[in-house]
Amino acid sequence: MQVPPAHQPKSPALTTFLERGYFEQASDFAAIDAAMTAGMMTFYVGYDPTGNSLHVGHLVQVMAMRALQRAGHRPIVIVGGGTASVGDPSGKSETRKLLSRADIEANAAALRAQLSQFLHFDSGAPNDAVMLDNADWLLELRYIDFLREIGRHFTINRMITVKTYRDRLDAEIPLSFLEFNYQLLQAYDFLHLFRHHGCILQFGGSDQWGNMVAGIELIRRMTPEGEPGTAHCLTLPLLTTADGKKMGKTERGAVWLDPERLPPFDYYQYWIGCDDRDVAKLLRIFTELPIAEIAALTQDGGAALNAAKARLAYEATRLLHGQEAAETAQTAARQAFGGGEDWSAVPELNLDLAEIKLIDLVTHPELLAFKSKREARQRIEQGAVKINGELCIDPARVLTAADCGGAYLRLQAGKKTRVRVTILPS
RNA sequence: GGAUGGGUGCCCGAGUUGGCCAAAGGGAGCGGACUGUAAAUCCGCCGCGUCACCGCUUCGUAGGUUCGAAUCCUACCCCAUCCA
C-alpha cells in the first residue's frame with residue numbers, strides 16, 4: 001500500500017484524481033501513474049445489481065470513472081450478476097438475501113441506463129465503456145477445476161486476515177462458506193478481465209481493498225514468468241458531510257439518481273441545501289468546473305457561497321438529468337424560494353377534486369409534506385404553511401379551484417416543500 | 001445444556017414498593033424566529049385520530065392477577081456475559 005508521493009503524478013488522469021479528491025490510496029501509485037501515462041489503460045469497477053437505482057453515495061465512483069474516460073482510458077463496468085448470487089459480506093453485519101435472475105437483469109439494465117449519463121458506451125471511440133456481467137464467466141465454472149486452478153493460490157490463513165472477514169469472525173456473526181468465497185470470485189473477475197480485456201486497474205470504495213488486493217495477488221501468481229503480470233488497485237474516499245453524516249442520505253431517504261424516485265427539482269435542492277463547509281469539496285468532486293473557477297466561486301465565503309451552491313446544484317443536475325432539466329430546476333428554485341410568483345416550473349400536483357381541506361392536501365400521499373394529520377395540524381398551526389404567499393394557520397380551510405386563481409395554487413409547506421397545486425374536477 | 005443480567009417510543013436511555021406513564025433526559029428529526037434555501041443560537045413540536053385537559057393503540061410475544069400493569073404472575077421468543 002502506498003500513499004501518493006509528494007511530487008506531482010505525470011499522468012493527467014491521476015493528477016485529476018488528486019486535485020479533485022477522488023484518490024484515497026493505491027496499491028502502487030507510481031506504477032499506475034506510469035501505466036496511465038503510457039497510453040490507454042483499461043480499468044474496472046464492480047457493481048452489485050442489488051438495487052434498481054444508484055444514489056448520490058455511488059456518485060464519487062461514477063465521477064471518477066468519468067474522469068478517467070475523459071482522460072482517454074477505458075472503463076469496464078462489471079455488473080455482478082454472478083457474485084450477486086453469492087453476496088459480498090464487506091461492510092455487512094448480516095448475511096444478505098439472495099436475488100432472482102430476473103431481478104438482477106432488470107437492475108443491470110437500470111444501472112447501465114444511469115451510467116450512460118456519465119460514460120459513453122457506444123460512441124465508437126476505442127475507450128468506449130464496456131459493461132459485462134460476471135455471470136458470463138462465473139456461472140460456467142466447474143467446481144473442481146476452479147479449486148485446482150484458483151483455489152490453490154489462496155490460503156485460509158491469509159483470507160481470514162482480511163478485515164471484512166476478520167470482523168465477521170471476531171463478532172462471531174456467521175460467515176457462510178458461500179460468502180467466504182466472494183473474495184475468490186472477485187479476484188477471479190479481475191483475472192478474467194486482465195487476461196481477456198487487458199484490464200490492469202480496479203478501483204472501488206475502501207471496503208473493497210481486501211478483495212481488490214486478492215485479485216492483484218492472484219494475477220501475479222497466475223502469470224507465467226517473463227510476462228507482464230502486474231495489476232493495480234486504488235480506493236476512493238468515503239465522503240461524509242461536514243456534520244458527519246454519510247453523503248447522500250437524508251431523513252427522507254437516499255438521494256436517488258433515478259428521476260422517477262427523486263425528481264430533478266429535488267435533486268437540485270439536495271445540492272443547494274448543502275453545508276457551507278462542503279461546497280468547495282462538492283464542486284470538485286461532483287462537477288467538472290475548473291479548479292481555478294471553483295476557487296474563485298468559493299473564496300469569499302458567507303452569503304456569497306449561495307452563488308457557488310447554485311452553480312453546484314446546476315452543474316450536478318445538468319450532468320445527471322441534462323441541461324434542460326437543470327435549467328428548469330434552477331428557474332423553479334429561484335421562483336419558489338426567492339419569493340417569485342411564477343411557479344410554472346415548480347413540481348405540480350393535480351387534484352381531480354372539487355375541493356380539499358388544507359390538512360388533507362398537505363398529507364396527500366403524493367405530497368406528504370408532513371407524515372401524519374396530527375403532525376400536519378400542529379405544523380399548520382405553528383405557521384408552517386403558506387398558500388399563494390399568505391400564511392394560513394387553519395388546518396380545516398377548504399381549498400377549491402377559486403384558490404388556484406385560474407391556474408394553480410402556490411403551496412409552501414415548511415422549509416423544503418414547494419408545490420404548484422391545481423384543483424380541478426374533471 | 002446450566003447460571004446470571006436484560007429486552008422501553010427513530011436511536012441512546014430513565015422508569016419495575018402497581019395508579020400522578022403516551023412514559024424523564026439526551027440525540028436525531030420537524031416547525032417557527034434570526035439569517036443567506038448554510039451553520040450556530042433561541043422558542044415550539046416530536047404514537048395516532050373526527051385532537052386544548054377526549055378517544056384509540058404502544059414499553060419482546062401470548063396469556064393471567066387487579067377497579068387499574070411498562071411495572072406483579074405464567075409460558076414462550078430473542079439478546080448479553082459467564083460456566084459446560
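Computation of the quantities below employed the complete heavy-atom set of this structure, encompassing side-chain atoms and omitting hydrogens, waters and symmetry-equivalent molecules. Each chain gets a letter, A, B and so on, in the order the sequences are listed, and its residues count up from 1.
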ring-ring contact (aromatic ring centres under 6.0 Å, His included) pairs, two or more places apart, involving residues 335-383 of chain A: none
Among residues two or more places apart or on two chains, list those pairs meeting ring-ring contact (aromatic ring centres under 6.0 Å, His included) that have a residue in residues 240-266 of chain A. A:His55-A:Trp256
Scan A:Gly302 against the nucleic acid and name what it touches under 4.0 Å (heavy atoms): base, sugar-phosphate only, or nothing. base
Under 4.0 Å, counting only non-hydrogen atoms across every strand here, what does A:Asn306 touch: a base, just sugar-phosphate, or nothing? base
Using the [atom1] atom on both, measure [N] against [M] and round to a whole Å.
N	M	atom1	value
B:C77	B:A84	P	25 Å
B:U81	B:G31	C1'	45 Å
B:G68	B:A22	P	16 Å
B:U8	B:G15	C1'	9 Å
B:C79	B:A28	P	31 Å
B:C21	B:U65	P	26 Å
B:U61	B:C43	P	37 Å

Can we say A:Lys309 and A:Asp276 salt-bridge, meaning some charged N sits less than 4.0 Å from an Asp/Glu carboxylate O? yes
Its contact letters, B for base, S for sugar-phosphate only and - for none at protein heavy atoms under 4.0 Å, make nucleotides 27-32 of chain B read -SSBSS
Could you list the donor-acceptor pairs under 3.5 angstrom formed by side chains in residues 284-305 of chain A, with sequence neighbours left out?
{"residue": "A:Thr287", "atom": "OG1", "partner": "A:Leu283", "partner atom": "O", "Å": "2.5"}
{"residue": "A:Thr287", "atom": "OG1", "partner": "A:Leu289", "partner atom": "N", "Å": "3.3"}
{"residue": "A:Glu288", "atom": "OE1", "partner": "A:Arg66", "partner atom": "NE", "Å": "3.4"}
{"residue": "A:Glu288", "atom": "OE1", "partner": "A:Arg66", "partner atom": "NH2", "Å": "3.1"}
{"residue": "A:Glu288", "atom": "OE1", "partner": "A:Arg70", "partner atom": "NH1", "Å": "3.4"}
{"residue": "A:Glu288", "atom": "OE2", "partner": "A:Arg66", "partner atom": "NE", "Å": "2.5"}
{"residue": "A:Glu293", "atom": "OE2", "partner": "A:Arg311", "partner atom": "NH1", "Å": "2.8"}
{"residue": "A:Thr298", "atom": "OG1", "partner": "A:Ile294", "partner atom": "O", "Å": "2.8"}

Look for any protein N or O under 3.5 Å of an N or O in nucleotides 8-10 of chain B and output each such pair with its distance, or none.
none

Check whether any side-chain nitrogen or oxygen of A:Ser372 sits under 4.0 Å from OP1 or OP2 of B:G47, and answer yes or no. no
Short side-chain N/O contact to B:C45 OP1/OP2 from A:Arg374, under 4.0 Å: no
Applying side-chain contact (heavy atoms from CB on, under 4.5 Å), name anything that partners A:Ala129, two or more places apart in sequence or on another chain. A:Gln69, A:Pro75, A:Leu119, A:Phe121
With sequence neighbours left out, the residues meeting salt bridge (Lys or Arg N to Asp or Glu O under 4.0 Å) with A:Asp122 are A:Arg112
Non-neighbouring partners of A:Asp275 that pass salt bridge (Lys or Arg N to Asp or Glu O under 4.0 Å), sequence neighbours left out: A:Arg277
Who are the ring-ring contact (aromatic ring centres under 6.0 Å, His included) partners of A:Tyr47, not counting sequence neighbours? none
Side chains of A:Thr50 and A:Asn107 in contact at under 4.5 Å (non-hydrogen atoms): no
Do any of residues 319-337 of chain A sit with a heavy atom less than 4.0 Å from RNA chain B, and if so which? A:Ala333, A:Phe337
Qualifying residues under side chain to side chain donor-acceptor pair (under 3.5 Å), relative to A:Lys373, sequence neighbours excluded: A:Asp360
Enumerate donor-acceptor pairs with a distance under 3.5 Å from any side-chain N or O in residues 396-403 of chain A to protein atoms, sequence neighbours excluded.
{"residue": "A:Arg397", "atom": "NH2", "partner": "A:Asp403", "partner atom": "OD1", "Å": "3.1"}
{"residue": "A:Thr400", "atom": "OG1", "partner": "A:Ala402", "partner atom": "N", "Å": "3.2"}
{"residue": "A:Asp403", "atom": "OD2", "partner": "A:Thr400", "partner atom": "N", "Å": "2.9"}

